[in-house]
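Working notes for the structure below.
FYI, side chains are in, hydrogens and waters are out, and symmetry mates aren't considered; it's all heavy atoms of this structure.
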Amino acid sequence: LAYPGGESIRGAQRRMVRAYTEILDIHEECTPLIISHGGVIRLLVAWLLHTEYIQPIYHYNTGLTILDDLYGKTAIRTMNSTAHLNPLYD
């Protein structure tokens with residue numbers, strides 16, 4: 001399903017995964033910081049979890065997700081944390 005004249009969710013996911021893997025390949029000697037909208041992070045997490053469904057995955061645009069390399073596999077260490085916003089509400 002795609003918006004008229006737009007790309008499908010799967011097409012967007014493929015494009016995002018290509019960019020993600022390219023960033024990891026280019027920066028394999030360091031830890032890259034990738035900043036994006038919550039929807040893009042949902043697509044990445046759905047791909048990492050090998051699921052088609054992104055609807056049950058919620059991610060705030062200000063949420064922090066940390067991915068780690070664990071024995072050659074990507075592990076989700078932190079998902080959608082907003083703890084960094086707490087000082088704003090104290």
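Looking at heavy atoms from C-beta onward, I57 lies out of side-chain contact with N80 at the 4.5 angstrom threshold. Between L44 and T65 there is no side-chain heavy-atom pair separated by less than 4.5 Å.
In terms of modelled atom types and a separation under 3.5 Å, the side chain of N61 and the main chain of H37 share no donor-acceptor contact.
Atom CE of M79 and atom CG of L67 lie 9.0 Å apart (nearest 0.5 Å). Within the model, atoms CG of L85 and OG1 of T62 stand 4.5 Å from one another, a figure rounded to the nearest 0.5 Å. In this structure, the separation between CG on L43 and OH on Y20 is 13.5 Å, given to the nearest 0.5 Å.
Of all non-hydrogen atoms in G63 and T82, the two that sit nearest each other are CA-CG2, 4.2 Å. The nearest pair of heavy atoms linking Q13 to A46 is NE2-CB, 3.9 Å. The nearest pair of heavy atoms linking C30 to P32 is O-CD, 3.4 Å.
Listed by first then second residue, pairs satisfying salt bridge (charged side-chain N to carboxylate O under 4.0 Å, His left out) with a partner in residues 74-85 read D68-R77, not counting sequence neighbours.
Each of D25, L24, I26 was compared with E22 under the side-chain contact (heavy atoms from CB on, under 4.5 Å) criterion, and only I26 meets it.
Residues meeting the side chain to side chain donor-acceptor pair (under 3.5 Å) test with R14, sequence neighbours left out: none. For D69, there are no side-chain contact (heavy atoms from CB on, under 4.5 Å) partners, not counting sequence neighbours.
Note on I66 and I34: separate hydrophobic clusters, where clusters join Ile, Leu, Val, Met, Phe, Trp and Tyr whose side-chain heavy atoms are under 4.5 Å apart, directly or indirectly.
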Mind running side-chain contact (heavy atoms from CB on, under 4.5 Å) on L64 and H84 for me, showing each step along the way?
-> CA-CA 8 Å; L64 176 67; H84 59 284; 4.3 Å; yes

